[in-house]
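One structure below.
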Amino acid sequence: MTGFTVALVLVVAAAGLLRWRRPAWYWMTFGVTLAALRVLVRYASVMEACGLTVPPSRWRLTLARATNRPVPESRPPRILRLRPTRTGLVLRLKLRPGQDAFDVAAASDRLRHSFSMYGVTSRALRSGVVEVRMTGYDVLKRVQMPARTDTRPMRVPVALREDGSVHYRDYRAIPHALTLGATESGKSVYQRNLVAGLAPMDVALVGIDCKQGVELFPLARRFSALADNPDTAAELLDALVTRMESVYQLIRAEQRITADTPDAEIAADIWDLPDDIRPTPIVVLVDEVAELALSTKKNDPRRDRIIRALVRLAQLGRAAGIYLEVCGQRFGSELGDGITMLRAQLTGRTAHRVNDETSAKMAFGDISPDAVLAAIQIPAEMRGVAIAGDSTGGWHRIRAPHTSLRQAVNICNRHADRTPDLPELTPFRPALPGAPAAPVPLSKSAPATA
């Protein structure tokens, strides 16, 4: 009996230590089993306390009276499946007649406390079926991306959501996006994750970094074109517009509109073209849009030329395979004419910590008031936490894994051979001294390199 007691104490101590120092390990070893048992045992009583049960139907009451049985109890939603994950539990529920998915969403916070989970979110899968995702610990405190992700062409895993799922940047679903954030909010790390995720793909990267290139030029070996000042940026954007027009001419020539051609084979964008003639897609990263839009002159031709080109690319670039990723600290009408028109074309919205409510409204004011409130509540010590949403009104709290500049440089150098040479962008190809450098170890004792 003494040996059993000692072993039990050691197991409890190990579980407590893991829960404190390594919550992910604790969840996979002890937490998932305890949480599943807790949910199954408490399920009926919790659903009744949260108002998620329905009274017995008339035929059940009639049957009970006819057979002289007790009145049947109210019934909760039926559990279709309980699936454990690396961060929590996924509960799939079949709603009873008269219930709605909004009822489950409104009770999410009460379910979190009742089941002793860290977070609970829900979404409707189809009519009458709701998926409830429960997280067992704070997955955003120490972000660990899963080893396997659903990576596809032009679809990059960039962050982890608070419900434990992976947040993807899918350029074919959401072509253009806006990323806002104050200084030291984690905006640059988010951008590095994008570049690191795109580097192994067959895509051309174009960068505009008017902060003298301090953010994007270290990654130059994977970029087909770079600009570090507004003058060069204006010429580069004009070249992109010219390429967009030539791609449209190619699509027109290859549309294959004949009487015997199936509708699915008629080309409307570059992804409908055969692989051997499909132009290389381009992702344009603008590091600080205010440096392009602000001007000391009242009527600045260069500034108007830049904004006009950005608006045209945002409106017409998707079918030509040109996607915009615009970053900035603010994105309001004070940046001048055309800015709000450009913002309206940027479907994807990501807001890191901002300094005022107005900045949050620039990202989500026309999408979701709840997302605005969530954005201004991001604490300063949680760098990298952001609110991601789109034009549908849905939003998620996310956090990108920390990627140092050296890690991003090593990834870009490793995939430098994938950098396409586009004729229209040849004048803007960054000058690279010497051969590609070997990846540098990430230890603190590693020698400094240029």
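The structure displayed is predicted, hence computed values, not measured ones.
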So do the side chains of [X] and [Y] get within less than 4.5 Å of each other, counting heavy atoms only?
X: L160; Y: P146; value: yes
X: M117; Y: R38; value: yes
X: L205; Y: L219; value: no
X: L226; Y: D209; value: no
X: V195; Y: R222; value: no
X: R169; Y: I174; value: yes
X: R330; Y: D356; value: yes
X: V90; Y: R92; value: no

With a 6.0 Å cut-off (strictly less than), is the heavy-atom count around [atom1] of [X], excluding the residue itself, greater than 12?
X: M341; atom1: CE; value: no
X: R161; atom1: CZ; value: yes
X: R312; atom1: CZ; value: no

For [X], which residues count as a side-chain hydrogen bond (donor to acceptor under 3.5 Å, both in side chains) partner, sequence neighbours excluded?
X: R123; result: E131
X: E235; result: none
X: D370; result: none

Inset, instruction - Applying ring-ring contact (aromatic ring centres under 6.0 Å, His included), name anything that partners F331, two or more places apart in sequence or on another chain. - result: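 If we apply the ring-ring contact (aromatic ring centres under 6.0 Å, His included) test to F331, skipping adjacent residues, there are no hits.
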So which pairs with a foot in [range] pass ring pair (Phe, Tyr, Trp, His ring centres under 6.0 Å), sequence neighbours left out?
range: residues 156-180; answer: Y171-Y323
range: residues 206-240; answer: none
range: residues 179-209; answer: Y190-H352

For [X] against [Y], the heavy-atom pair lying closest together:
X: I378; Y: V385; answer: CD1-O, 3.6 Å
X: Y118; Y: G136; answer: CB-C, 3.9 Å
X: V189; Y: P401; answer: CG1-O, 3.6 Å
X: R429; Y: S224; answer: CD-O, 3.1 Å
X: A320; Y: M244; answer: CB-CG, 3.8 Å
X: A225; Y: L236; answer: CB-CD1, 3.8 Å

Inset, instruction - For the pair R152 and D170, find out whether any cationic side-chain nitrogen is under 4.0 Å from an anionic carboxylate oxygen. - result: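 So R152 does not pair with D170 through a salt bridge.
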For [X], which residues count as a salt bridge (charged side-chain N to carboxylate O under 4.0 Å, His left out) partner, sequence neighbours excluded?
X: R308; value: none
X: D304; value: none
X: D417; value: none
X: D138; value: none

Report, one line per pair, each donor and acceptor closer than 3.5 Å where one atom sits in a side chain of residues 279-293; sequence neighbours left out.
unit_1	atom_1	unit_2	atom_2	d
D287	OD2	K211	NZ	3.3
E288	OE2	A290	N	3.4

Rounded to the nearest 0.5 Å, what separates atom [atom1] in [X] from atom [atom2] in [Y]?
X: I376; Y: I387; atom1: CD1; atom2: CD1; value: 10.5 Å
X: S404; Y: R192; atom1: OG; atom2: CZ; value: 7.0 Å
X: D100; Y: L52; atom1: CG; atom2: CG; value: 11.0 Å
X: H402; Y: R142; atom1: NE2; atom2: CZ; value: 14.0 Å
X: D269; Y: R318; atom1: CG; atom2: CZ; value: 5.0 Å
X: S246; Y: Q249; atom1: OG; atom2: CD; value: 8.5 Å

Inset, instruction - Report the residue from L240, L342, I208, I339 that forms a side-chain contact (heavy atoms from CB on, under 4.5 Å) with L310. - result: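 The option that passes is L342.
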Legend entry - Criterion side-chain contact (heavy atoms from CB on, under 4.5 Å) on D150 and R155, from CA distance to verdict: CA-CA 8 Å; D150 186 17; R155 190 170 188 256; 3.3 Å; yes
Inset, instruction - Check the pair L194 / T179 against side-chain contact (heavy atoms from CB on, under 4.5 Å), numbers first and verdict last. - result: CA-CA 12 Å; L194 272 177; T179 303; 5.8 Å; no
